Number of protein chains: 2
Amino acid sequence: MAGKPTIDDVARIAQVSRQTVSNVVNSPEIVRPETRARVEDAIGQLGYRPHASARRLRSQKSSTIGIRLAAMGDGISGSVLDRFLHALTEGAYARGMRVLLFTADDDAGEIEQIERLRDDRDADAFVLTSTSHSDLRTRWLLDQGIPFVTFGRPWAADDMGDPMHHWVDVDGRAGLRAAAEHLIATGARRVAYLGWPSPSATGDDRRRGWADAMSSRGASESELASLSIEAEEDVTAARVAVAEFLDRRPDVDAIATASDSLALGALIATTALGRTDVAITGFDNTPVAAAVGLTSVEQRLGMVADGVLELLMGVSGRDISMREPRPGEAHRLVTPELVVRGSGGGERPVPVVDPM
Amino acid sequence: MAGKPTIDDVARIAQVSRQTVSNVVNSPEIVRPETRARVEDAIGQLGYRPHASARRLRSQKSSTIGIRLAAMGDGISGSVLDRFLHALTEGAYARGMRVLLFTADDDAGEIEQIERLRDDRDADAFVLTSTSHSDLRTRWLLDQGIPFVTFGRPWAADDMGDPMHHWVDVDGRAGLRAAAEHLIATGARRVAYLGWPSPSATGDDRRRGWADAMSSRGASESELASLSIEAEEDVTAARVAVAEFLDRRPDVDAIATASDSLALGALIATTALGRTDVAITGFDNTPVAAAVGLTSVEQRLGMVADGVLELLMGVSGRDISMREPRPGEAHRLVTPELVVRGSGGGERPVPVVDPM
DNA sequence: CATTTCGCTTTGATCGTTCAAATCAGAATG
DNA sequence: CATTCTGATTTGAACGATCAAAGCGAAATG
């Protein structure tokens, strides 16, 4: 009476047993309608809510997904993780799950934390981000039989066909193809590509998208090579690289880039050179892109989050229920969306970076 | 035997009772050393870890802090929340707490979620961010008697003296004073201020810091007014405002700004105008600032997080233990730190934004 | 020597729920 | 009409820990 109402309080008021109340809460369909109504009434009247820990103890499920909050030295794109986290949390709540945060300095530390959370039964599934080829973590999780999904492909020989583990990823290739095609469609004659130094699994894939668009317009391999710019994921590095490049190749009138950071560097370089005719596209659709009016590729993180939850819990399940990954059912490749803004080419409706 | 070991398994191996094992885990000092050793041995041998939910059920404590992951339309500065979250999570784990995420579209929605999490006993304390004057949420939380700390002052008449509730904040005024003084020290003769339209609690406070520095150099009120630029938290808006301003006041050779977004706008404007002699400082020390080499005010979010946990749990406590806020013990005002980079003034060691 | 004190350990109850099996009333079956 | 079946509800036993109080042996006290 003093504290929060328990299931017994509800049972007493509704003149039924504990278990019936439990049934009304967990599987209403097996309770006779009138009984159900009576119980629901009592629940509403008392403001009863099940004690999550009691339920978790008994059912041996934590209904919690653990995810590492990376230290984000990733520059601007850190906000991608942020938005993904937001979408994941929202989706998780809709399915009766919670999202628990943890931190770690490196992958080994992450494994340690996951082990702890698993042993404490604080989380029963995990989501990994920024996976690399032959990732320590995925191997370990598979060995342990811990349910997990990665946001990011394993980038193994045959990602789609050979389901080592469950993953969701964004089709960067399609994204860059769209960006390049948009630049061409809005009047660009020579579209360069600004990406990260190869080899870079994600980067090479994005470059392929640009190459797709260019090839279908008749560009040769050597032309593609001569239109490629490389820079580390860093605004300054990108600025320097683009300035140098435009000096050699003033005929280039558009640049599709692999990230908003690179794009920002390109934007600063072209502005400084007075080359405001050069159209630029970014990737990630970060707040910075929105802020400076940059056309960018949006990853649709809501769909990514949905995909993750679907792989973890089934299409509409409310429990972690992961099977062996089966071909065709273990992956989701989300097609991104091009968000067109002023600096993306053509008429430049809002002249964003030229002097007033 | 099949599943994870329980406290009873440990007890059996160590030839002691359940409770003794519990004591070894929770208050080792009351157990006789040899007994303790035996139990610890058994724990290690079995790899025993207490079942978090069982513990929470019995002790009626969730040992969990809830925090809303804002949708971050805040532009670049979204990363501040991110870094704070990281620091908070790290600190929380060190004190045996977990951090649970939730989302909401607005403050009313946040209240709803908090109520749920409280009722489900999923979290027993909350951290609020970006509080406004006369905040719906703080009022409600106080009424409900739910432990919480805000990151951000209430901005009431006398924040420091009158402890309505527990809060931690960064001393933006001191930050901008330091920035302005740095600009002056490195050779600037006329330092303008670029901030958000008044009234803005945070913004006005930061402006005051700049004004402090200027006044002590003998600037009059009217001079200060003529050196103030206003723009919304938006790169483009800032760029436009700064371009206009520099047209009127070409004598200005430095700009202290209230945020990295504004600073980026200023940077783009000065670059475009060829005024690379104008030194600029930002606020928040976001990845963007680092990327473009911008001197910026670092909020020291680790200290903020520590302050939050201290107010919630006491100096070294491992439990939520909040009293009535008492004068002098209910607040923490963290002094930020100026991170000096190339574009911050003076010699411009690394010419970041001029054409190559 | 009986008694109190002290330090450590054990015992029994309990936290609030779900599981598994038992019960029960009424309908359907032969 | 006795019997089986069926759907809805109840009962007793966990889940794995901590709390509160009791127990116990050795040392201290009168």
Side-chain angles (χ1 to χ4, degrees), chain A residues 1-40 42-43 46-64 96 118-122 124 318-319, chain B residues 1-40 42-43 46-64 96 118-122 124 318-319:
Chain A
M1 186 76 171
K4 302 253 166 62
T6 73
I7 200 172
D8 283 306
D9 297 325
V10 176
R12 201 173 316 114
I13 300 274
Q15 312 259 45
V16 295
S17 69
R18 270 194 323 271
Q19 186 60 37
T20 299
V21 178
S22 175
N23 287 336
V24 169
V25 173
N26 299 302
S27 22
E29 70 281 1
I30 70 164
V31 179
R32 192 157 49 99
E34 359 171 1
T35 314
R36 179 159 77 215
R38 200 145 36 87
V39 172
E40 278 165 348
I43 289 178
L46 294 177
Y48 165 76
R49 303 220 89 217
H51 192 299
S53 293
R55 169 182 279 183
R56 291 204 254 265
L57 169 60
R58 179 64 245 227
S59 60
Q60 299 288 57
K61 290 171 189 162
S62 71
S63 302
T64 301
R118 190 267 315 262
D119 289 348
D120 293 355
R121 266 130 312 174
D122 252 336
D124 36 31
R318 298 182 66 84
D319 283 305
Chain B
M1 186 78 168
K4 300 252 168 60
T6 74
I7 199 172
D8 283 306
D9 297 325
V10 177
R12 200 173 317 113
I13 301 274
Q15 312 259 47
V16 294
S17 69
R18 268 194 324 273
Q19 185 60 37
T20 299
V21 178
S22 175
N23 288 336
V24 168
V25 173
N26 298 303
S27 22
E29 70 282 1
I30 69 164
V31 178
R32 192 155 51 98
E34 0 171 0
T35 315
R36 180 160 76 215
R38 201 145 36 89
V39 172
E40 277 166 347
I43 289 178
L46 294 177
Y48 165 76
R49 302 220 88 217
H51 191 299
S53 293
R55 169 182 277 183
R56 292 204 254 265
L57 169 58
R58 180 62 245 228
S59 60
Q60 300 287 53
K61 290 172 190 161
S62 71
S63 302
T64 301
R118 191 267 318 259
D119 288 348
D120 293 355
R121 265 131 314 174
D122 253 334
D124 35 32
R318 296 182 67 83
D319 283 306

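Labels below follow one simple rule: chain letters A, B, ... track the order of the sequence lines, proteins then strands, and each chain is numbered from 1. Treat the numbers as computed from the prediction; the structure is a model and nothing was measured.
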Rounded off to whole Å, could you give me the [atom1]-to-[atom2] distance for the [X] and [N] pair?
X      : N      : atom1 : atom2 : answer
B:R32  : C:dT9  : CZ    : C1'   : 9 Å
B:D9   : D:dC15 : CG    : C1'   : 13 Å
A:D120 : D:dC15 : CG    : P     : 19 Å
A:H51  : D:dC15 : NE2   : C1'   : 14 Å
B:L46  : D:dG16 : CG    : P     : 14 Å
B:R121 : C:dG16 : CZ    : P     : 7 Å
A:K4   : C:dG16 : NZ    : P     : 11 Å
A:R12  : D:dT9  : CZ    : P     : 19 Å

Does [X] put a side-chain nitrogen or oxygen below 4.0 Å from OP1 or OP2 of [N]?
X     : N      : answer
A:S22 : C:dT17 : no
B:T20 : C:dT10 : yes
B:R55 : D:dT18 : yes
A:Q60 : D:dA14 : no
B:N23 : C:dT9  : no

Requested in this report: Confirm from the modelled atom types if B:R58 and C:dT14 form a donor-acceptor pair under 3.5 Å, side chain to base only.
Outcome: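 Side chain to base: pair present.
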Requested in this report: Would you kindly check whether a donor in the side chain of A:R18 faces an acceptor in the base of D:dG12, or vice versa, at under 3.5 angstrom?
Outcome: yes
Report summary line: Output for pair (A:N23 CG, A:R36 CZ), nearest 0.5 Å, gives 11.0 Å
Query raised in the report: Among D:dT9, D:dT10, C:dG16, which is the nearest nucleotide to the side chain of A:T6?
Result: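 Between D:dT9, D:dT10, C:dG16, the one nearest the side chain of A:T6 would be C:dG16.
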Query raised in the report: Counting side-chain heavy atoms from CB outward, which of C:dT14, C:dT9, D:dT11 is closest to A:Q19?
Result: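 Selected nucleotide: D:dT11.
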**Report entry** side-chain contact (heavy atoms from CB on, under 4.5 Å) partner of A:V10, chosen from A:L46, A:T20, A:V24
**Finding:** A:L46
Report task. Going by the side-chain contact (heavy atoms from CB on, under 4.5 Å) test, name the single residue among A:T6, A:I13, A:I7 that passes it with A:D9. Result ->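 Result: among A:T6, A:I13, A:I7, A:T6 is the only option passing the side-chain contact (heavy atoms from CB on, under 4.5 Å) with A:D9.
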Query raised in the report: If you pin A:I7 and B:I30 to their nearest nucleotides in DNA chain C, which one's is more 5'?
Result: B:I30
Query raised in the report: Start at the 5' end of DNA chain C and walk down; is the nucleotide closest to A:V21 or to B:E29 reached first?
Result: B:E29
**Report entry** Any donor-acceptor pair under 3.5 Å from B:R18 side chain to B:D8 backbone
**Finding:**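 Answer holds: no.
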**Report entry** Result of checking A:D122, A:D120, A:D119 against B:R49 for salt bridge (Lys or Arg N to Asp or Glu O under 4.0 Å)
**Finding:** A:D120
Query raised in the report: Contact class for B:R49 (heavy atom, under 4.0 Å): base, sugar-phosphate, or nothing?
Result: sugar-phosphate
